[in-house]
Amino acid sequence: MTKPVRVRFAPSPTGNLHIGGARTAIYNWAFAKKHGGTFVLRIEDTDPERSTEANTQQIQRSLRWLGLQWDEGPGVGGSFGPYQQTQRFDTYGKALEQLKATGAVYPCFCTADELAAKRDAGMAAQSFTGYDRSCRGIDAGEAQRRIDAGEPHTWRLKVPLDHGPVVFDDLVFGNTSFPIEQLDDFILMRSDGTPTYNYVVCIDDASMQITHVIRGDDHLSNTPKQILVYEALGAPIPQFAHLSMILGGDGKRLSKRHGATSVEAYQERGFFPQALLNYLALLGWSLDGETTLFDAATLAANFSLERVSKNPAVFDETKLNWVNSRYLKEMGAPAFIDALLPYLQQTGFTRAGKVLWGIKKDPSGEAPDAVHALSGEPATPDEVAVDVAAERSWYEGIYPLVAERVKTLDEVCPLIAYLFSGPTVALDQKSVEKCLQKEGIKAVLDHVIQTLQDPTLVWEHAPIEDVLRLVPEKLGLKPKVVFQAVRVAVCGNMVSPPLFESLELLGSENTLARLSAARQLLVPCSS
RNA sequence: GGCCCGUUCGUCUAGCGGUUUAGGACACCGCCCUCUCAAGGCGGAGAUCGAGGGUUCGAAUCCCUUACGGGCUACCA
């Protein structure tokens with residue numbers, strides 16, 4: 001009979017949930033699901049300087065967004081709470097009393113300055129730099145007198161010198177061993193009465209009955225210390241699985257200077273949670289070495305720590321983009337428009353009634369020219385939402401135009417801006433020169449206008465294409481010449497989503513207005 | 001400095017002593033398709049498995065040494 005699996009993700013709310021933390025959470029979640037276990041969320045907020053409630057909330061939002069719902073923890077409760085360390089200080093105090101009673105700890109009266117000096121000396125001697133255990137030999141009675149006298153002191157673990165190497169079988173790294181003499185009598189309780197990380201993590205994992213500790217490998221070297229605490233406590237030692245870290249493109253630890261590192265940033269940039277989850281899962285784990293696309297359920301059903309890599313992985317946004325684009329191509333128009341709504345609202349694009357009208361407000365100034373050229377009063381998010389609801393099928397028509405052309409949602413609006421600028425469109429100068437200002441283009445536009453003015457023409461992309469294909473034939477021109485001219489005249493740029501579908505969405509009125517405008521441009525003196 | 005960990009195409013990885021002329025994916029290059037851009041199809045280039053020693057009939061796979069990278073060495077987590 002093996003105990004039911006209980007794992008935890010224990011972020012410290014000193015920032016947003018970042019890529020590395022998310023991957024740790026994903027593996028913990030998947031491991032729990034795979035074994036029918038419990039996934040616990042615990043907030044490690046013992047550092048009051050850097051921990052904030054806002055970060056605590058943000059981390060939870062990002063986890064939920066990724067679909068990693070915890071079974072126990074903040075917001076959902078559980079029978080091992082509270083799940084925030086700042087609310088568990090009495091537990092740490094009680095455990096310390098137990099350790100005092102068994103003589104596993106001792107008070108240390110060394111000051112921070114004294115410790116620093118000792119450390120420097122050890123460093124200079126090029127040897128062991130841990131605590132020299134000078135207070136370990138202080139007589140118990142004297143120690144008590146000094147404590148009673150109010151002398152500041154910390155509580156250190158009395159490392160059993162005759163212990164022999166601390167060994168454990170890491171589920172990722174395998175058998176790992178640390179010489180006992182390398183472990184110093186580290187502090188469990190600070191002089192201000194707050195507990196240290198290596199202490200509380202043991203108390204919490206023990207009292208929450210965590211069976212598998214899956215965490216970053218920056219904790220690999222801390223593990224022997226923690227094992228000593230478990231032993232002093234007489235508590236069962238969980239299984240450990242350490243995860244190698246995620247690096248930036250330069251091989252250095254991933255940090256802000258590599259660009260976006262928070263889950264929230266990727267959410268804002270238009271990545272899908274399933275795609276991020278999928279990509280992150282692949283950073284250090286593989287399903288079978290062949291499969292790259294899978295959903296959360298497949299991950300949960302197949303996850304295994306044995307297949308977790310020991311090597312640090314470089315975070316490659318290009319591949320994330322590709323994974324995201326695959327999800328985008330599969331999702332279908334309804335889901336796409338739902339996901340796109342916030343971006344439309346931010347941009348202020350609306351399709352007010354029969355007249356298309358676009359408004360762009362881009363304070364960052366990073367949007368392409370086509371977007372900048374639009375002007376007018378921005379539509380409010382509510383107006384956009386109302387418009388999208390009212391013109392749902394029109395909006396869904398956008399999906400096939402962009403689904404194979406963008407990788408993330410934030411690329412969509414710049415690409416479709418021309419659909420929202422009504423009877424006029426901003427013309428890209430270079431495109432005009434290349435595709436419009438050429439011999440014979442005026443005649444082309446005349447033919448196109450005439451053709452499209454046919455009142456019997458059904459304004460849908462297939463019939464539009466059928467009649468327009470006749471134009472180059474009649475004029476003895478290459479189709480490309482004709483269609484590129486129309487594209488620039490109507491879409492404003494020589495690069496755009498598919499032409500005939502665009503004309504359909506634009507409607508005959510706007511299409512013809514733009515064609516006429518372009519024709520005027522070519523013949524300034526003509527009325 | 002000490003201790004611990006890691007090292008397969010540019011990147012993520014498969015590989016757990018012979019089935020490997022080291023497989024897949026992203027990126028890259030070419031061709032096809034084509035109204036642009038994409039997408040898609042087909043094909044290509046790309047790792048002597050960090051290096052050097054062993055063990056073995058046989059090693060990317062086991063052992064040792066070394067180089068490089070990373071972590072811990074805090075009254076941070």
Side-chain angles (χ1 to χ4, degrees), chain A residues 10-12 14 44-47 49-51 85 108 110-112 115-116 119 122-130 152-156 170 173-174 176-179 181-184 186-192 194-198 200-201 216-225 242 244-245 247 249 251-253 279 282-286 288-293 306-307 309-323 325 329 402-407 415 431 435 465 468-469 472 478-488 491 493-500:
Chain A
S12 158
T14 55
E44 308 217 324
D45 54 354
T46 51
D47 181 356
E49 298 292 312
R50 300 190 296 153
S51 301
Q85 290 183 329
C108 170
C110 297
T111 65
L115 293 172
R119 192 163 46 245
M123 203 76 89
Q126 300 194 335
S127 64
F128 181 64
T129 57
H153 60 285
T154 61
W155 287 91
R156 291 182 180 271
D170 191 277
F173 284 89
T176 311
S177 171
F178 291 81
E181 56 278 9
Q182 285 297 321
L183 301 167
D184 73 351
F186 62 97
I187 293 171
L188 304 187
M189 194 66 80
R190 300 184 187 97
S191 54
D192 67 358
T194 61
T196 62
Y197 168 75
N198 280 311
V200 295
V201 74
D217 81 347
D218 44 338
H219 291 300
L220 192 61
S221 301
N222 286 325
T223 304
K225 298 179 192 175
H242 288 92
S244 59
M245 51 184 34
L247 311 174
K252 304 283 187 208
R253 189 179 186 145
Y279 175 70
L282 242 19
L283 233 43
W285 176 82
S286 62
D288 54 13
E290 307 276 298
T291 311
T292 49
L293 266 12
E306 285 164 30
R307 291 194 67 84
S309 167
K310 300 196 238 319
N311 312 352
V314 173
F315 183 76
D316 178 14
E317 204 172 287
T318 309
K319 187 154 181 175
L320 204 211
N321 269 309
W322 176 79
V323 172
S325 73
K329 258 184 285 188
V402 300
E404 288 171 353
R405 289 174 176 74
V406 297
K407 300 191 185 307
L415 201 60
S431 299
C435 302
E465 176 167 2
L468 285 187
R469 289 231 174 248
K478 284 184 177 174
K480 183 172 171 176
V481 175
V482 173
F483 297 142
Q484 282 297 80
V486 176
R487 183 189 307 284
V488 173
C491 305
N493 200 290
M494 56 196 284
V495 175
S496 84
L499 183 57
F500 310 112

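Note that the structure is predicted; figures quoted are calculated from it, not measured. To find a chain, count down the sequence lines: A is the first, B the second, and so on, and within it residues start at 1.
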Short side-chain to backbone donor-acceptor contact, R487(A) and P497(A), under 3.5 Å: yes

Using atom P of each nucleotide, how far apart are C68(B) and G40(B) to the nearest Å? 43 Å

If I pick the P atom on A22(B) and the same atom on G18(B), what distance separates them, to the nearest angstrom? 14 Å

Give a yes or no answer on whether the side chain of Q484(A) reaches the backbone of M494(A) with a donor-acceptor pair at less than 3.5 Å. yes

Between the side-chain atoms of K329(A) and the base atoms of A39(B), is any donor-acceptor pair under 3.5 Å? no

Let me know the distance between CG of D288(A) and C1' of C12(B), rounded to the nearest Å. 14 Å

What does C9(B) pair with, Watson-Crick or G-U, if both distances are under 3.5 Å? none

With sequence neighbours excluded, tell me which residues meet ring-ring contact (aromatic ring centres under 6.0 Å, His included) with Y279(A). F315(A)

A27(B) C1' sits how many Å from Y279(A) OH, rounded? 12 Å

Does U34(B) have a Watson-Crick or wobble partner in any strand here, with both distances under 3.5 angstrom, and which is it? none

Exercise: identify the closest heavy-atom pair between T223(A) and H219(A): OG1-O, 2.9 Å

Picking from C4(B), C3(B), C12(B), the nucleotide nearest the side-chain atoms of Q182(A) would be C3(B)

W322(A) CH2 to C28(B) C1', straight-line distance once rounded to whole Å: 16 Å

Taking the P atom in each of G15(B) and U8(B), what is the distance between them to the nearest angstrom? 14 Å

Side chains of Y197(A) and K225(A) in contact at under 4.5 Å (non-hydrogen atoms): no

Nearest-angstrom distance from the residue atom CG of L293(A) to C1' of C26(B): 11 Å

Residue pair P179(A)/L283(A) against RNA chain B: nearer the 5' end by closest nucleotide is P179(A)

N493(A) versus S496(A), side-chain donor and acceptor atoms under 3.5 Å: no

Spell out protein contact along nucleotides 63-75 of chain B as letters: B when the base is contacted, S when just the sugar-phosphate is, - when no protein heavy atom is under 4.0 Å; keep the 5' to 3' order. -------SBSBSB

Determine the interatomic distance between C1' on G46(B) and the same-named atom on G2(B); round to the nearest Å. 41 Å

Identify which nucleotide among C26(B), A39(B), U7(B) has an atom closest to any side-chain atom of N311(A), counting heavy atoms from C-beta outward. U7(B)

Go nucleotide by nucleotide along RNA chain B from the 5' end; which of K407(A) and V314(A) gets its closest nucleotide reached first? V314(A)

Round to the nearest Å and state the distance from N321(A) atom CG to A38(B) atom C1'. 14 Å

Given 3.5 Å as the limit, does a donor-acceptor pair link the side chain of T176(A) with the main chain of G174(A), or not? yes

Would you call E465(A) and P498(A) a side-chain contact if the rule is heavy atoms closer than 4.5 Å? no

Check whether the side chains of N198(A) and T196(A) place a donor and an acceptor atom closer than 3.5 Å, and report yes or no. no

Nucleotide by nucleotide, 5' to 3', does protein get under 4.0 Å of the base (B), only the sugar-phosphate (S), or neither (-) in nucleotides 30-37 of chain B, counting heavy atoms? -----BBB

Could you tell me the Watson-Crick or G-U partner of U66(B), where both distances fall under 3.5 Å? Say none if there is no partner. G50(B)

Is M245(A) close to L247(A) at the side-chain level, that is, under 4.5 Å between some pair of heavy atoms? yes

In the structure shown, which nucleotide is the Watson-Crick or G-U wobble counterpart of U21(B), with both distances under 3.5 Å? none

Just how far, in rounded Å, is P of C12(B) from NZ of K310(A)? 16 Å

In whole Å, I'd like the distance from the CD atom of E317(A) to the C1' atom of G10(B). 17 Å

Does L220(A) offer a backbone N or O that forms a donor-acceptor pair with the side chain of D217(A) under 3.5 Å? no

Nearest-Å distance for atom pair CG/P, residues D316(A) and C9(B): 15 Å

I'd like the C1' distance from C42(B) over to U48(B), given in whole Å. 29 Å

With a 4.0 Å cut-off on heavy atoms, is S325(A) in touch with a base, just the backbone sugar-phosphate, or nothing at all? nothing

Rounding to an integer number of angstrom, what distance separates A45(B) and G10(B) when you compare their C1' atoms? 13 Å

CG/N222(A) to NE2/H242(A) distance, rounded to the nearest 0.5 angstrom? 8.0 Å

Proximal nucleotide (of G6(B), A77(B), C26(B)) relative to the T46(A) side chain: A77(B)

Could you give the distance separating U61(B) and A39(B) at their P atoms, to the nearest angstrom? 39 Å

Work out how far the P atom of C26(B) is from that of G43(B), and round it to whole angstrom. 14 Å

For T194(A), which contact category applies under a 4.0 Å heavy-atom criterion: base, sugar-phosphate, or nothing? nothing

